[in-house]
Amino acid sequence: MVREVVSEGDSTSQSASAASSVAIDASGLSHAFGDVVVLDDLSLTVEPGEIVALVGPNGSGKTTLLQFLSKVRAPNAGTVTVGAGDRTRVGYLPQRPEFREGFTVADTLRFYTQFVEEGVDIGTTLDRVGLSEAADRRVEALSGGMTRLLGLGRALVGDPDVVVLDEPASGLDPGMVERLFEIVAELADEGTAVVLSSHNLGPVERTADRVVVLDGGRFVATGSPQELVESAGATDLQTAFGALVSTEEVDGR
Amino acid sequence: MSAAEDLTSAVDDLFTIATRELRTVVRTPAVVALAVVFALTVVGVAAAGSGARGGYVPLVLDLLPFVEALVPLLGFALCYRTVLSDRRSGELDVLQTFGVSRPAYVGGVFLGRSLALVAVVFGSLLVAGATVPVLSPEKPTFLALNAAADSPAAFARFAVLAVVFALSTASVALAVSAAARTARQAIALAVGLLVAFVVGVDAAAVAGLATGRFGIDTVPHLLALSPNGAFRSLVFGVAVETGQATTPLVALVGLGGWLAGALFVAVVTAWKPVE
């Protein structure tokens with residue numbers, strides 16, 4: 001069965017009791033750029049160890065929503081609570097990660113480790129994202145996919161309890177896509193809450209605990225991959241996705 | 001976490017960012033080239049002009065217009081795109097997720113870039129000043145000379161004022177980079193302010209005097225409106241001690257005001273904090 005997303009009224013009462021046990025509690029999120037409504041009264045909770053995949057056509061508001069969940073931007077209306085308090089760090093991979101030129105991969109990661117209190121083994125992080133052999137390479141010499149992996153490594157610095165990844169698989173070859181979703185699964189096994197957006201619906205179907213379909217600024221469906229496929233009478237998530245969204249409504253959000 | 005621990009953490013963040021900024025500057029060929037041009041110009045004016053042969057104060061007067069024009073250029077080149085570039089690359093978003101505060105970020109960028117700027121400005125002026133004892137002719141022993149009128153101290157005061165001037169232009173450039181949302185805006189703001197600083201305020205003062213709109217007493221206040229005018233007033237009032245009637249306090253407040261005010265603008269406009 002497809003779970004409809006909780007309404008604004010429901011979420012308020014739920015969030016009060018569940019706030020201490022959820023990794024992300026977003027309630028009543030609305031946002032507009034000028035006259036264009038990007039997000040319309042969205043609520044979402046994510047539990048520790050859960051993988052939530054946000055899917056939707058281009059311009060559906062995924063990046064904006066992920067920025068709100070990462071607390072790097074504030075919505076016009078609504079609240080986002082991450083972890084037990086304001087100091088919970090969100091590991092964030094932007095849609096197009098860029099790094100300061102002239103520094104090596106290892107130097108770049110070392111810079112960010114200085115902002116977290118616990119000691120970070122850069123070698124372990126690089127190994128995890130598959131960049132060990134590129135540690136001494138300058139960031140401007142990395143391919144697009146490797147730059148994204150470095151962005152993932154940066155997001156994982158300090159072992160955050162919540163990780164938000166905006167199109168992490170974009171630009172990666174099929175083998176690296178599989179490896180990336182393995183990393184995501186490992187993070188969830190360790191108790192990390194992961195929210196990601198992706199157009200790679202095959203790996204999403206195999207990995208995500210919950211898929212949230214965003215279209216026209218609203219959640220049009222949410223549930224486990226299997227629930228979505230069955231509710232749409234489809235054979236796989238890709239087909240179900242086509243039935244759930246109107247992909248022609250791309251307006252640049 | 002206590003307030004003291006918060007402050008310690010913010011200071012640590014500031015130095016972390018400052019270190020990266022400094023490392024970035026020395027790896028940016030265009031900025032290094034501009035610094036070399038500045039150093040060569042200053043030392044070249046000292047070596048080729050007549051000022052160094054006349055003593056420290058004549059050298060100050062020789063260098064003043066070059067320093068007035070080139071220091072803002074150097075300060076703007078170092079800082080006018082820093083925050084903007086970090087915003088466009090998503091770096092500001094990422095730093096927020098690491099809990100870096102706006103004052104720590106802006107302070108770190110300013111400290112790192114300023115260290116490079118101060119090293120270039122002060123170092124170049126020191127080398128220029130060192131040419132005076134080499135190039136000055138032997139002083140005749142049959143004349144009684146007043147050493148207080150021309151001493152290395154006067155030149156040292158000039159060099160220190162040039163550093164403060166450089167810091168104020170860097171902070172204004174940083175404010176430009178934080179307030180601008182596009183590269184085009186940043187360039188337009190930077191060029192506009194540079195022109196206003198180098199010629200605009202002076203021209204306005206002259207025009208005001210010529211038309212009788214301003215009295216002669218208002219000149220020090222008018223000059224203090226731009227970092228260049230304030231710097232020039234301070235040089236004449238403090239470094240070479242021309243004995244002008246008005247105190248250089250207005251100019252000092254003007255220069256300090258630009259520095260502090262611009263840093264405040266940079267902090268406020270760097271990003272909108274999320275509650």
Side-chain angles (χ1 to χ4, degrees), chain A residues 63 66-76 78-82 85-104 107-117 120 138-140 147-148 150-158 160-166, chain B residues 1-3 5-6 8-32 81-105 107-109 112-113 116 177 181 183 270-275:
Chain A
T63 292
L66 293 179
Q67 287 175 331
F68 295 156
L69 300 182
S70 307
K71 306 205 76 170
V72 299
R73 181 189 279 193
N76 294 145
T79 59
V80 176
T81 304
V82 177
D86 291 342
R87 294 188 181 279
T88 303
R89 188 177 104 69
V90 178
Y92 175 53
L93 171 66
Q95 191 175 39
R96 296 183 192 86
E98 291 181 33
F99 296 93
R100 193 167 289 201
E101 293 185 1
F103 294 88
T104 67
D107 273 347
T108 299
L109 271 190
R110 193 172 294 112
F111 168 74
Y112 296 101
T113 63
Q114 296 172 84
F115 298 117
V116 298
E117 291 182 9
V120 178
R138 285 175 182 264
V139 293
E140 61 267 30
T147 301
R148 201 165 294 273
L150 179 56
L152 178 63
R154 176 175 65 180
L156 300 182
V157 164
D161 294 330
V162 177
V163 174
V164 173
L165 311 173
D166 194 352
Chain B
M1 194 181 277
S2 70
E5 287 172 327
D6 273 346
T8 306
S9 172
V11 171
D12 287 345
D13 291 351
L14 187 151
F15 282 115
T16 299
I17 289 167
T19 304
R20 182 172 72 161
E21 292 302 322
L22 194 55
R23 293 177 69 190
T24 301
V25 168
V26 299
R27 293 167 191 217
T28 308
V31 172
V32 172
R81 286 193 68 162
T82 49
V83 182
L84 181 64
S85 295
D86 280 348
R87 181 181 297 120
R88 291 161 70 91
S89 69
E91 180 72 8
L92 296 187
D93 290 344
V94 171
L95 289 176
Q96 283 183 76
T97 69
F98 281 97
V100 176
S101 67
R102 292 185 296 176
Y105 169 74
V109 172
R113 303 256 161 182
S177 78
R181 271 6 188 200
W271 66 75
K272 191 176 177 182
V274 178
E275 295 300 323

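Chain letters run A, B, ... following the sequence lines, proteins first, then strands; residues in each count from 1.
- A/Val72 and B/Thr97 make their closest contact through CG1-CG2, 3.6 Å (heavy atoms, listed as atom of the first residue, atom of the second, distance).
- Among A/Phe99, A/Tyr112, A/Tyr92, the residue making the largest number of heavy-atom pairs under 4.5 Å with chain B is A/Tyr112.
- A/Asp107 contributes atom CG, which lies 11.0 Å from atom CZ of B/Arg20 (distance to the nearest 0.5 angstrom).
- Surrounding CZ of A/Arg73 are more than 12 heavy atoms belonging to other residues, nucleotides or ligands, all under 6.0 Å away.
- Of the atoms belonging to B/Asp12, not a single heavy atom falls under 4.5 Å from chain A.
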Between B/Leu95 and A/Phe115, does the side-chain contact (heavy atoms from CB on, under 4.5 Å) criterion hold? Intermediate values first, please.
CA-CA 9 Å; B/Leu95 289 176; A/Phe115 298 117; 3.8 Å; yes

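- In this structure, B/Arg27 forms a cation-pi arrangement with A/Phe103, its terminal cationic atom sitting closer than 6.0 Å to the ring centre and no more than 45° off the ring axis.
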Intermediate values then yes/no, side-chain contact (heavy atoms from CB on, under 4.5 Å), A/Gln114 and B/Phe15:
CA-CA 10 Å; A/Gln114 296 172 84; B/Phe15 282 115; over 6 Å; no

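- Proximity to chain B is absent for every atom of A/Gln95, based on heavy atoms less than 4.5 angstrom apart.
- In the displayed structure, A/Asp161 atom CG is contacted under 6.0 Å by at most 12 heavy atoms of other residues, nucleotides or ligands.
- Chosen from B/Leu92, B/Thr19, B/Asp93, B/Val100, the residue pairing most often with chain A at heavy-atom distances under 4.5 Å is B/Asp93.
- In this structure, the portions of B/Arg23 lying under 4.5 Å from any heavy atom of chain A include both its backbone and its side chain.
- If you take CD on B/Glu21 and CZ on A/Arg100, they are separated by 4.0 Å, rounding to the nearest 0.5 Å.
- A distance of 5.5 Å separates CZ in A/Arg154 from CD in B/Glu91, rounded to the nearest 0.5 Å.
- If you tally non-hydrogen atom pairs under 4.5 Å between each of B/Thr16, B/Asp86, B/Ile17 and chain A, the highest count goes to B/Thr16.
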